[in-house]
Each structure stands twice: as C-alpha cells, then as structure tokens.
2 protein chains.
Amino acid sequence: MARREKTTQVREQIVKRTDDLLYKKGFNLMSFTDIAEVADVPRGNIYYYFKTKDDVLKAVIEYRIEGMKQMLTEWETNYPTPLQRLKRYAQIPLNEKQRVIEYGCPMGTLNSELGKSQTSLQHLAKQQMDIFNNWLTKQFTLLIADQGSNQSAAELAEHLLILTQGMSVISHIYKDESILLREVQNIEKWLDSCVATV
Amino acid sequence: MARREKTTQVREQIVKRTDDLLYKKGFNLMSFTDIAEVADVPRGNIYYYFKTKDDVLKAVIEYRIEGMKQMLTEWETNYPTPLQRLKRYAQIPLNEKQRVIEYGCPMGTLNSELGKSQTSLQHLAKQQMDIFNNWLTKQFTLLIADQGSNQSAAELAEHLLILTQGMSVISHIYKDESILLREVQNIEKWLDSCVATV
DNA sequence: GTCTATATGAAGATAGAC
DNA sequence: GTCTATCTTCATATAGAC
C-alpha cells in the first residue's frame with residue numbers, strides 16, 4: 001500500500017472513532033488518551049496526524065458535515081416531495097432515540113458546550129447546523145411556494161430546528177422516549193397544516 | 001459578627017458569584033482558580049467551605065432552586081390566572097435575551113454538559129428543570145381544568161419546556177434575538193388557543 | 001477562620017529513537 | 001511512519017503555619 005493511502009486510512013479511522021467519542025464525552029472531557037484508545041493508535045501517534053486537539057475537532061466536524069450532505073442528497077432522490085423530506089428530517093431524533101436519550105443531540109450539545117467561552121470552536125460546530133438550516137429552508141421554500149404564507153421559509157426552518165433541538169434536550173434530561181414520539185407526531189401534523197393552508 | 005454568621009456570609013458570596021461563573025464557563029472549564037477569583041477569596045480557602053468541586057456545584061444548584069421557587073411563588077401572587085403565569089414563564093428567555101444569546105439557557109446547557117458521562121451530577125442539574133416542569137404542569141392543569149382536552153397537562157408542560165429550550169439553543173447558536181421574539185409570540189398564540197378550545 | 005506552599009495527577013504537546 | 005519517554009502546564013486537593 002502506498003504511503004499516502006496508509007496515512008489517509010489511519011487518519012480516517014481516528015476521525016470516525018473520535019466522532020463517536022466526542023458525542024459521548026463532549027469536547028472538554030475527551031482526552032488524547034481517550035482518542036488513542038478508541039482509535040486503537042498509540043497515544044503519541046495521534047500527533048503525527050493532528051497538531052492539536054482543536055485540529056481533531058475540526059476534522060471530526062468536517063467528517064460529520066460530509067455525511068450530512070450525502071444523507072440530504074440521498075433524501076432528495078428518495079423522497080419526491082418537500083413534505084416527505086421535512087417529515088424525514090423530523091424523524092431523525094426518533095430513529096436515533098436510544099442515543100438521543102443517553103447523550104442528547106450530537107450537534108446541539110456540541111454547540112452548547114463550545115458556545116461557552118470557546119467561540120472560535122463553536123463557529124466550527126455551527127457549520128453543522130447551517131447545513132440543516134439551509135436545506136430545511138430550501139424545502140420549506142418549495143413547500144409554501146405558491147401559498148402567500150405569512151411566515152418565511154427561513155422562519156419555518158428555524159422553528160423546525162427549535163422543535164427538534166428542544167425535544168432532544170428534554171427527552172435527554174428526562175430519559176423519556178415517549179416525548180420524542182409524541183413531539184414528532186405533532187411536527188408531522190404541523191407540517192401537514194403548512195400545506196393545507198392553500 | 002458571630003463566627004457562624006461570618007462563615008455563612010462568605011459561603012454565600014462564593015455561591016452567588018460562582019453561579020454566574022458556572023453559567024458563563026460551564027462546569028468542566030470552571031476551575032477553583034476561577035472560583036477564588038470571582039468570589040474574591042484566596043484560592044485554598046474555598047476548600048474550607050467546600051470539600052470538592054462537585055460540592056460547589058451542588059450548593060450553586062440549591063441556590064438556584066431557592067431563587068426559582070421564590071420567583072414562582074411571587075408569580076402566583078402577581079398573576080391571577082394560569083394563562084398569565086404561563087405567558088410570564090415563556091417571557092423568561094426574552095427578558096434574559098442578551099445572556100441567552102451569549103451563553104444559552106443556564107439550566108439547559110448545564111444539563112447538556114453534565115448529561116455526558118457525568119450522570120450523578122446531571123441528576124442535580126435535572127432538579128432545576130423539575131421545579132419548572134412541576135409548576136408548569138400545575139398551571140396547565142388549572143388552564144384546561146374543565147375542557148376535556150385531548151392532551152394532558154404534563155404533556156403540555158413538556159411541550160412548553162421543549163419550545164423554550166429549543167429557542168434558547170437556536171438563538172444562542174445564531175446569536176439572533178429576533179428568534180426569541182418571534183417564538184415567544186408563537187407561544188402566546190398557542191397558549192391562547194389552549195384556552196379558546198372550550 | 002485565613003492563607004501559603006505544596007503534593008499529586010492528568011492534561012496537551014514535543015523530541016527523538018527506531 | 002511508528003512509538004516511547006518526557007516536558008510543561010494546570011487541574012484538584014491537602015498540610016500546616018498563622
């Protein structure tokens with residue numbers, strides 16, 4: 001195997017496994033020792049691939065963003081209507097319910113953590129949210145296209161983000177799956193009503 | 001001044017000022033050096049009042065809970081109807097908008113932070129949320145008393161918690177006050193509609 | 001009760017042998 | 001490219017003089 005390929009492969013393994021670790025421990029409690037352990041790479045070796053812990057975070061977020069973009073593109077081919085796509089988005093917390101209950105939303109909790117006196121890192125974490133926000137705005141634009149709605153697509157997208165973040169926070173705190181189920185059903189009704197007001 | 005009074009006074013000063021510090025830095029990034037600095041007490045001296053950092057957290061949360069209980073009791077005398085009280089609750093993020101934009105919700109962000117592999121501490125943080133949750137449930141019970149509503153008061157309370165947590169998260173990430181304003185108005189309409197369905 | 005000095009451990013990061 | 005040994009810094013926590 002060529003040298004560059006090997007490097008890329010090990011680097012990818014570190015990033016993939018650190019993604020999960022970051023989610024479960026948070027950024028500040030995640031140490032290089034932890035990273036080395038889950039990545040199955042000698043501790044000092046991580047520094048061959050990443051200069052600093054911030055660099056690791058950056059790589060993990062970029063990896064996450066790649067996955068999100070790919071997922072959203074797939075959805076656009078698999079679900080023909082914006083209503084279906086928006087409902088699919090709202091399903092995420094329910095599909096990931098065990099993890100949401102145990103650790104919260106990976107995107108929201110990271111933003112909350114870094115939002116406290118680590119603004120340069122929070123800016124990185126925000127990029128994840130931007131991906132969803134932009135995509136949701138696009139879907140809502142299509143949804144309410146010829147409906148003189150009194151709310152803009154951007155506002156509707158923000159509202160949907162608020163609902164998914166809120167239910168992740170509360171269901172996480174109360175360790176209660178039924179909250180997710182109920183709230184997702186509410187969201188589906190609300191999305192239907194957005195179309196119905198023609 | 002009697003010895004016991006002096007101790008209580010210094011202890012209270014540490015707790016009050018650490019409350020703010022905890023909010024702004026989060027638990028894991030808040031060091032004893034920071035605490036000593038904001039409390040204006042020599043570093044090693046904190047240990048006379050608190051054995052561990054966890055003990056400081058416990059005291060701060062107890063202090064917060066006391067303040068919350070007092071506030072809610074005041075509301076019950078100042079606002080005669082449950083509708084007014086619920087609207088007053090929804091106003092909190094708007095009243096605290098600068099701080100919410102900069103640091104998020106003090107209660108929600110603490111829960112999110114401690115919810116990751118620090119479950120014994122998260123249990124403490126959850127107690128804050130319980131205070132609001134129980135009080136909101138009580139208000140919703142009064143609100144929908146004789147209305148055969150299809151949603152229970154507990155579910156409505158959880159939904160309101162979700163909305164306030166969600167808007168805190170999103171407005172914090174996007175540093176956008178207008179989100180708070182818009183969402184609080186939405187909540188007020190929703191609360192009105194809860195009564196209107198008689 | 002107050003404060004200083006310090007023990008102890010773990011973190012991020014580096015140097016350099018292999 | 002890989003891995004070990006180690007540097008430095010800063011954290012929590014303690015001992016003990018005053």
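These figures come from a predicted structure and were not determined experimentally. Throughout, protein chains are lettered first and strands after them, A, B, ... in sequence-line order, and every chain is numbered starting at 1.
Other residues, nucleotides and ligands place no more than 12 heavy atoms under 6.0 Å from the NZ atom of A:Lys189. The number of heavy atoms from other shown groups lying within 6.0 Å of NZ (B:Lys58) does not exceed 12.
Cluster annotation: B:Leu156 and B:Leu86 are assigned to the same hydrophobic cluster (Ile/Leu/Val/Met/Phe/Trp/Tyr, side-chain heavy-atom contacts under 4.5 Å, transitive).
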For a side chain to side chain contact (heavy atoms under 4.5 Å, CB included) check, start with the C-alpha distance between B:Gln165 and B:Asn111, then their side-chain angles and the critical distance, and finish with the verdict.
CA-CA 11 Å; B:Gln165 283 303 312; B:Asn111 268 283; over 6 Å; no
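We find that CZ of A:Phe50 is positioned 13 Å from P of D:dT2, with the value rounded to whole Å. The distance between atom NZ of B:Lys51 and atom P of D:dT14, rounded to the nearest whole Å, is 9 Å. Atom CE of B:Met30 is separated from atom P of D:dA13 by 11 Å (rounded to the nearest Å). Taking atom CD1 of residue B:Ile35 and atom P of nucleotide D:dC10, one finds them 17 Å apart after rounding to whole Å. C:dA13 atom P lies 9 Å from atom CG of A:Asp55, rounded to whole Å. Between the P atom of D:dT4 and the OH atom of A:Tyr47 lies a distance of 16 Å, rounded to the nearest Å. In this structure, the OH atom of B:Tyr48 is 15 Å from the C1' atom of D:dC18, given to the nearest Å. Atoms CG (B:Asn45) and P (C:dT6) sit 19 Å apart, rounded to a whole Å.
Residue contacts for A:Phe32: at a heavy-atom cut-off of 4.0 Å it reaches the sugar-phosphate backbone alone, with no base atom in range. Heavy atoms of A:Tyr49 sit under 4.0 angstrom from primed sugar atoms or phosphate atoms, though from no base atom.
A close approach under 4.0 Å does occur between a side-chain nitrogen or oxygen of A:Thr33 and OP1 or OP2 of C:dA11.
In this structure, of D:dT4, D:dA13, C:dA13, it is D:dT4 that holds the atom nearest to the side chain of A:Pro42.
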